Amino acid sequence: MFSHLDPYAGDPILSLNEAYQKDPRPHKVNLSIGIYFDDAGRIPVLASVREAEAQMLAAASTKSYLPIEGDPAMRNAVQALLFGADLPALKDGRIVTLQTVGSSGGLKVGADFLRRWLPASEAWVSDPTWDNHRAMFEGAGIRVHTYPYYDAATGGLKFDAMCDALRSLPPRSIVLLHACCHNPTGVDLTRAQWDALVRLLAERGLLPYLDLAYQGYGDGIDDDAYAVRLMASRGLTFIVANSFSKSMSVYGERAGALSFVCTDAREAELVLGQLKATVRRNYSSPPIHAAGIVARVLTDPTLRPQWESEVAAMRERILAMRQRLHAVLAAKVPGRDFGYFLTQRGMFSYTGLTGAQVDRLRDESAVYLVRSGRMCVAGLSMGNVERVAQAFAGVLG
């Protein structure tokens with residue numbers, strides 16, 4: 001019956017992680033998979049999350065199905081987190097939010113929705129972007145193109161070229177944007193660039209689709225929502241998928257959300273109805289445990305500041321690793337500018353290493369990176385950053 005199927009080549013990042021797990025060398029370092037590790041190399045369980053789960057267990061609530069759109073307390077908390085509690089669009093009922101199975105689930109539900117209701121629209125993603133972005137939109141039947149983004153010569157952004165490309169798109173084109181901490185490059189727009197881009201998007205009648213998977217890892221929880229709040233305040237219709245996998249370190253709980261900002265409350269009601277229909281055709285309803293964690297952490301007067309402090313500590317550790325890597329490389333390879341490690345933000349950086357150099361790192365030094373040269377900075381620690389920097393210097397020299 002199924003002997004004609006093509007073999008699955010495997011996800012390149014997950015396959016690389018499997019190879020890392022099998023590597024017997026004790027000094028190996030995993031800088032490939034996008035997970036936050038603490039300085040001891042562990043995936044932390046946040047104290048705020050532990051307390052939220054303890055409260056949930058003590059409450060002994062029912063395990064019944066959630067509504068299709070998810071837990072109301074979580075959805076309201078997500079809206080306040082993303083848009084701010086006083087945004088007129090929230091008070092006017094122009095924003096609808098679904099609890100989703102991670103932000104990946106949200107991205108795919110949104111793509112299915114757009115394919116059904118804007119069938120002529122095509123999608124544009126940054127060059128490069130997270131590999132699964134293209135796969136999810138293409139899997140929904142949407143044609144995907146790229147717009148210029150990363151400048152390999154400077155380790156920065158091709159903003160003028162990006163704007164020129166988007167200015168040429170037909171109205172209602174879907175433009176996927178990373179709200180902060182761009183994956184895979186770590187290169188973000190400045191506030192001034194966001195201001196200019198939002199004007200362009202509005203003038204051209206384009207549909208922004210924001211992916212916010214790393215809120216709090218860039219400049220802070222509120223600062224990292226700048227693009228979201230700017231678009232909402234300027235009256236744009238747009239979509240945002242967000243995740244708590246990294247910010248709450250709850251990867252396997254699949255805690256995410258999908259929000260649509262609409263023209264008015266009537267349109268928002270129509271959108272919510274068809275989003276619910278899309279979810280019903282996919283996974284029917286989201287996970288109850290994830291909803292409880294997120295809702296309690298975001299709304300409890302004790303847990304919320306504790307969580308914000310924990311996110312700040314993770315962000316500061318990543319920044320410290322960037323600074324240390326830069327310092328060692330600048331000393332080891334004095335003729336080369338490594339300043340991009342300091343200007344890129346969040347968990348990821350484009351190292352500038354070629355595929356062949358990445359292979360050498362793995363084979364000679366047991367340092368694992370994706371072949372594009374993307375590095376997960378959170379895999380560095382005080383115990384390995386010096387050796388990793390020396391290994392980088394070795395293949396660059």
Side-chain angles (χ1 to χ4, degrees), residues 35-36 43-85 90 93 95-110 112-113 210-216 221 225 228 239-261 268-269 271-308 310-311:
I35 292 177
Y36 176 84
I43 302 172
V45 178
L46 304 187
S48 56
V49 170
R50 286 189 187 276
E51 177 57 28
E53 291 182 308
Q55 293 180 12
M56 293 162 62
L57 183 62
S61 58
T62 178
K63 301 295 185 183
S64 182
Y65 292 118
L66 287 177
I68 294 173
E69 64 270 34
D71 179 74
M74 176 188 174
R75 292 164 56 223
N76 291 336
V78 166
Q79 288 185 345
L81 177 74
L82 295 181
F83 301 100
L90 273 176
I95 301 176
V96 294
T97 299
L98 296 177
Q99 176 195 346
T100 59
V101 184
S103 62
S104 295
L107 286 162
K108 183 57 165 62
V109 166
D112 287 346
F113 173 96
L210 298 178
D211 186 353
L212 181 52
Y214 305 96
Q215 188 175 2
I221 291 169
V228 175
I239 309 166
V240 53
N242 73 293
S243 168
F244 296 94
S245 293
K246 277 75 178 180
S247 65
M248 291 191 184
S249 195
V250 289
Y251 303 91
E253 298 293 354
R254 310 311 297 133
L258 179 71
S259 300
F260 275 60
V261 181
E269 184 178 357
V271 167
L272 179 60
Q274 289 302 327
L275 284 173
K276 289 166 65 174
T278 307
V279 169
R280 182 61 173 156
R281 290 191 293 266
N282 280 274
Y283 52 82
S284 196
S285 65
I288 192 169
H289 194 74
I293 293 172
V294 172
R296 286 178 183 272
V297 169
L298 292 184
T299 61
D300 185 278
T302 300
L303 297 183
R304 175 62 180 263
Q306 182 181 26
W307 170 66
E308 292 188 4
E310 290 174 307
V311 174

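Values below: every heavy atom of this structure, side chains too, minus hydrogens, waters and symmetry copies. Because the structure is predicted, anything quoted here is derived from the model rather than measured. Along the sequence shown, residues carry numbers from 1.
- A 4.5 Å side-chain heavy-atom check between F260 and Q274 finds every atom pair outside the cut-off.
- Exactly one residue among L82, L210, I95 makes a side-chain contact (heavy atoms from CB on, under 4.5 Å) with V261. That residue is I95.
- In this structure, CG on L81 lies 4.0 Å from CD on Q215, to the nearest 0.5 angstrom.
- Considering V78, T278, L275 as possible partners of L98, the one that fulfils the side-chain contact (heavy atoms from CB on, under 4.5 Å) test is L275.
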- Task: Evaluate the side-chain contact (heavy atoms from CB on, under 4.5 Å) criterion for residues F113 and L258: first the C-alpha distance (whole Å), next the side-chain angles of each, then the deciding distance (0.1 Å), finally the verdict.
- Result: CA-CA 12 Å; F113 173 96; L258 179 71; over 6 Å; no

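- Side chain of Y251 to backbone of Y36: a donor-acceptor contact under 3.5 angstrom is found.
- Residue A255 comes nearest to V294 through the heavy atom pair CB-CG2, 3.9 Å, listed as atom of the first residue, atom of the second, then distance.
- Heavy atoms only, all atoms of each residue included: Q79 and L90 are closest at OE1-CD2, 3.2 Å.
- The shortest heavy-atom contact between L66 and S285 is O-CB, 3.5 Å.
- E310 meets the salt bridge (Lys or Arg N to Asp or Glu O under 4.0 Å) test with no other residue; sequence neighbours excluded.
- In this structure, I35 CD1 and I43 CD1 are separated by 4.5 Å, a value rounded to the nearest 0.5 Å.
- The shortest distance between side-chain heavy atoms of E53 and R296 does not fall below 4.5 Å.
- Scanning all heavy atoms of the two residues, the minimum distance from P44 to S249 falls at O-OG, 2.5 Å.
- In this structure, V96 and A268 approach most closely via the heavy-atom pair CG1-O, 3.4 Å.
- Looking at residues two or more places apart in sequence or on another chain, you find no side-chain hydrogen bond (donor to acceptor under 3.5 Å, both in side chains) involving Q306.
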- Derivation of the side-chain contact (heavy atoms from CB on, under 4.5 Å) call for R254 and Y283: CA-CA 13 Å; R254 310 311 297 133; Y283 52 82; over 6 Å; no

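- Atom CD of E69 sits about 4.0 Å away from atom NZ of K276, to the nearest 0.5 Å.
- Rounded to the nearest 0.5 Å, atoms CD1 (I239) and CG (L107) are 9.5 Å apart.
- Taking 4.5 Å as the limit, every side-chain heavy atom of D300 sits out of range of all side-chain heavy atoms of W307.
- A donor-acceptor pair shorter than 3.5 Å cannot be found between the side chains of S64 and T62.
- Proximity of E51 to T302: side-chain heavy atoms (C-beta onward) are nowhere separated by under 4.5 Å.
- Under a 3.5 Å cut-off, the side chain of S48 and the backbone N or O of V297 do not form any donor-acceptor pair.
- Side-chain contact check for F83 versus S259: some heavy-atom pair is nearer than 4.5 Å.
- Shown here is E269, whose CD atom has no more than 12 heavy atoms of other residues, nucleotides or ligands within 6.0 Å.
- T100 contributes a side-chain N or O that, together with a main-chain N or O of A257, makes up a donor-acceptor pair within less than 3.5 Å.
- Note: I221 CD1 to R304 CZ = 6.0 Å, rounded to the nearest 0.5 Å.
- Here the shortest heavy-atom pairing between M74 and D71 reads N-OD2, 2.9 Å.
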- M248 and L298: CA distance, side-chain angles, deciding distance, side-chain contact (heavy atoms from CB on, under 4.5 Å) verdict: CA-CA 10 Å; M248 291 191 184; L298 292 184; 3.8 Å; yes

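- In this structure, the side chain of N76 engages the main chain of P72 through a donor-acceptor pair within 3.5 Å.
- The distance from atom CD1 of I293 to atom CG of L46, rounded to the nearest 0.5 Å, is 10.0 Å.
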